[in-house]
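A quick write-up on the structure given underneath.
All of these numbers come straight from a predicted model, not from anything done at the bench. Proteins come first, then strands; the chains are lettered A, B, ... in the order of their sequence lines, and each starts at number 1. The basis for the numbers below is simple: all heavy atoms, side chains too, and nothing from hydrogens, waters or symmetry mates.
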There are 2 protein chains.
Amino acid sequence: MGMPQVESVFRILADKNRTRMVKLLGENELTVGELERSLGLSQSATSQHLKLLNDAGLVVCRKHGNFRIYSLRKEALQKAMRYFDSLWDEGLNKMKTKLEHGKG
Amino acid sequence: MGMPQVESVFRILADKNRTRMVKLLGENELTVGELERSLGLSQSATSQHLKLLNDAGLVVCRKHGNFRIYSLRKEALQKAMRYFDSLWDEGLNKMKTKLEHGKG
DNA sequence: TATTAATATTAGATATTTTTAATATAATGA
DNA sequence: TCATTATATTAAAAATATCTAATATTAATA
């Protein structure tokens, strides 16, 4: 129940540009260049943010020719959310875990 | 749907000492001194972290003599969590909102 | 192979956060 | 009132995070 990896999720989501990335990637998978243009960030900054998201296990990428297509790992966010819940309400957390299992 | 206040919740929880505080306060309300000792932080650092938690609306405090007793505002965390969900899954978020209403 | 396009990596500059140290405030009790 | 205890506030130092600029890598294409 240590969940060391999950702590870092909050650090990742603490940055506004990264929450915007997560939001965009929640809708569609996107290339680095598409994210760069959507967010108005430099190429370098975009790559660096993606690296953090990737290291935290929140995204994966696959190659397509010269491009890298990033997509969100929703299960990682789900896991982080469950830990988040457990910080303040163990009981509700259990109910939701059940619900999620019933669904997925 | 802007939820500007909620963005800051991630910034608050990005710090390990503050997540520990949230966890401790999820179990019991505590004085500054108790938190200080539990966390092994200085008095000043403890107060400053509490100020951030308080400004984000995650805790409240009441006076008792010379002491200040802090307690967690679970509804604020609940609200933040719902926003968190919406970043990646609108549908599941709606199900959970319903569940929470049914419960609380 | 040389060139271009897309992305990654690195180093250093800048900005932000966190801690420490000192001081201030507020309540209590002698 | 004076001293003490609990906490808050402030400024500066220390630690981290983020951005920019330069360079590297990788794949496609001429």
Dump every N/O contact between nucleotides 13-15 of chain C and the protein below 3.5 Å, one line per pair.
none

Atom-pair distance ([atom1] on [X]; [atom2] on [N]), nearest Å:
X       : N      : atom1 : atom2 : answer
B:Leu35 : D:dA6  : CG    : P     : 14 Å
B:Glu34 : D:dA6  : CD    : P     : 11 Å
A:Leu52 : D:dC19 : CG    : P     : 10 Å
B:Leu41 : D:dT7  : CG    : C1'   : 15 Å
A:Ile69 : C:dT7  : CD1   : P     : 9 Å
A:Leu39 : D:dT20 : CG    : C1'   : 17 Å
A:His49 : D:dA17 : NE2   : P     : 13 Å

Set of side-chain contact (heavy atoms from CB on, under 4.5 Å) partners for [X], sequence neighbours left out:
X       : value
A:Asn54 : A:Val59
B:Thr46 : B:Met21, B:Val32, B:Leu35, B:Glu36, B:Leu41, B:Leu50
B:Ser38 : B:Leu24
A:Glu34 : A:Leu30, A:Thr31, A:Arg37

- Query: When the nearest nucleotide of DNA chain D is assigned to A:Gln43 and to A:Arg18 on a heavy-atom basis, which residue is associated with the more 5' position?
  - Reply: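 With A:Gln43 and A:Arg18 compared, the 5'-side residue is A:Arg18.
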- Item | Which residues share a salt bridge (charged side-chain N to carboxylate O under 4.0 Å, His left out) with B:Glu75, sequence neighbours left out |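 By the salt bridge (charged side-chain N to carboxylate O under 4.0 Å, His left out) rule, B:Glu75 matches B:Arg73.
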- Task: Could you pull out all residues at least two apart from B:Lys16 that satisfy salt bridge (charged side-chain N to carboxylate O under 4.0 Å, His left out)?
- Result: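 Checked B:Lys16 against salt bridge (charged side-chain N to carboxylate O under 4.0 Å, His left out); zero matches.
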Under 4.0 Å: is that the gap between some side-chain N or O of [X] and OP1 or OP2 of [N]?
X       : N     : value
A:Ser47 : C:dT7 : no
A:Tyr70 : C:dA8 : yes
A:Asn54 : C:dA8 : no

- Can you name the nearest heavy-atom pair linking A:Val9 to A:Ala80, along with the distance?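 Here A:Val9 and A:Ala80 meet closest at CG1-CB, 3.7 Å.
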- Between B:Arg18 and B:Leu53, which heavy-atom pair has the shortest distance, and what is it?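 Heavy atoms only, the tightest pair is CD-CG, 4.2 Å.
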- Roughly how far, to the nearest 0.5 Å, is CG of A:Leu58 from OG of A:Ser8?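 Between atom OG of A:Ser8 and atom CG of A:Leu58 there are 7.0 Å.
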Restricting both atoms to N or O, compile the protein contacts to nucleotides 10-12 of chain D shorter than 3.5 Å, with distance only.
from: D:dT10; atom 1: O4; to: B:Ser44; atom 2: OG; distance (Å): 3.4
from: D:dT10; atom 1: O4; to: B:Gln48; atom 2: NE2; distance (Å): 3.4

Where do N or O atoms of nucleotides 26-30 of chain D meet protein N or O atoms at under 3.5 Å, pair by pair?
none

- Item | Those residues that, when tested against A:Asn66, pass side chain to side chain donor-acceptor pair (under 3.5 Å) (two or more places apart) |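 Counting only residues at least two positions away or on another chain, A:Asn66 forms no side chain to side chain donor-acceptor pair (under 3.5 Å).
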- Task: Please give the angle, rounded to 10 degrees, between the axes at the start and the end of the helix from C:dT1-D:dA30 to C:dA30-D:dT1, where five pairs define each axis.
- Result: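 Overall, the helix from C:dT1-D:dA30 to C:dA30-D:dT1 bends by 0° from one end axis to the other.
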- Item | Residue pairs passing the salt bridge (charged side-chain N to carboxylate O under 4.0 Å, His left out) test where at least one lies in residues 38-53 of chain A, sequence neighbours excluded |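 Listed once each, the pairs are A:Lys51-A:Asp55.
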- Message: Categorize A:Thr46 for me: base, sugar-phosphate, or nothing, with a 4.0 angstrom heavy-atom threshold over every strand shown.
- Response: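 Nothing, no heavy atom under 4.0 Å.
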